[in-house]
Amino acid sequence: MRKIFFVVGFFFMLVGIFGFSYTWSHDHRKTEFLEEYATLEFKSARDEKGYLEGANLSLWDYRFDKAQLLNKAIIFIDGVPWELDAATRQTLSNRQNENKLFLQFPKSSLRDMLTAKEIRLKFYYDNGQSIDLPLSKNELVTWQRKLRW
């Protein structure tokens, strides 16, 4: 009877170790909206007369794997794609890696953003993974308020 408990216990230990290591090294996040997947900071910029001059987005993604962001992204404004060049930076640590993506939106896209019903962002990693998620309605309204300011 002791041998059975030992074998079963040892089996569960192995399953736990391998299950933990698999979960630790792969990104399994399931989210509906971009702000649930990553931390966002959206800012608008105005000139000295108060006219809207531009907008930018900083995105922080915390991962357990070492995949790096690529320097490209696509924003879909009501389904219309805008390809953007991005600046990226990665900070590696023992437990969690931080990827930062910085985007400057073209001035010509801002008018479309003000009236958009949906905004999606797609960005890419060097391991072939891409993330394509929309903003929630609340986050979309927040962005539009910052553009109207």
| said: Can a side-chain donor-acceptor contact be found between S136 and E35 if the only test is distance below 3.5 angstrom? | reply: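 Judged by distance alone, the side chains do pair up.
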Transitive ILVMFWY side-chain link [X] to [Y], under 4.5 Å:
X	Y	result
L110	I119	yes
L57	L133	yes
F33	F123	no

| From CA spacing to verdict: side chain to side chain contact (heavy atoms under 4.5 Å, CB included), F102, N56 | CA-CA 7 Å; F102 304 99; N56 60 53; over 6 Å; no
| query | Do K122 and F76 meet the cation-pi criteria used here (NZ or CZ under 6.0 Å from the six-membered ring centre, within 45° of the axis)? | reply |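 The answer is no, since K122 fails at least one limit relative to F76.
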Atom [atom1] of [X] and atom [atom2] of [Y]: how far apart are they, to the nearest 0.5 Å?
X	Y	atom1	atom2	answer
E53	K107	CD	NZ	6.0 Å
K43	L40	NZ	CG	13.0 Å
N71	L84	CG	CG	12.0 Å

[X] and [Y]: which non-hydrogen atoms are nearest, and at how many Å?
X	Y	answer
L52	R46	N-NH1, 3.1 Å
A67	D126	CA-OD1, 3.5 Å
F42	K146	O-NZ, 3.1 Å
P81	I74	CB-CG2, 3.8 Å
P134	E118	CB-OE2, 3.9 Å
T31	E36	CB-OE1, 3.7 Å

Is any side-chain heavy atom of [Y] closer than 4.5 Å to one of [X]?
X	Y	result
I75	L103	no
W82	I77	yes
L121	L59	yes
Y125	L69	yes
E139	L34	no
L101	D61	no

| Would T88 and L70 count as a side chain to side chain contact (heavy atoms under 4.5 Å, CB included) if you check the C-alpha gap in whole Å, the side-chain angles of each, and the deciding distance to 0.1 Å? | CA-CA 7 Å; T88 60; L70 298 179; over 6 Å; no
| query | R63 pairs by side chain to side chain donor-acceptor pair (under 3.5 Å) with which of Q90, E98, Q129, Q96? | reply |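 Between R63 and the candidates, side chain to side chain donor-acceptor pair (under 3.5 Å) is satisfied uniquely by Q129.
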| task | Examine distances only and state if a side-chain atom of E83 and a backbone atom of A73 form a donor-acceptor pair shorter than 3.5 Å. | result |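 Absent.
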| field | Any donor-acceptor pair under 3.5 Å from R120 side chain to D78 backbone | value |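 Not a single qualifying donor-acceptor pair exists.
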| message | Walk me through whether R148 and L114 qualify under side chain to side chain contact (heavy atoms under 4.5 Å, CB included). | response | CA-CA 8 Å; R148 283 190 185 102; L114 275 167; 3.5 Å; yes
| N127 atom CG, over 12 foreign heavy atoms within 6.0 Å |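 Atom CG in N127 is packed in, count exceeds 12.
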| message | Check this for me, if you would: do D47 and K49 make a salt bridge, where the nitrogen-to-carboxylate-oxygen distance has to be below 4.0 angstrom? | response |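 Not counted as a salt bridge, because no side-chain N and carboxylate O are separated by less than 4.0 Å.
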| Stepwise, does the side chain to side chain contact (heavy atoms under 4.5 Å, CB included) test hold for D112 with V80? | CA-CA 10 Å; D112 292 343; V80 177; 5.8 Å; no
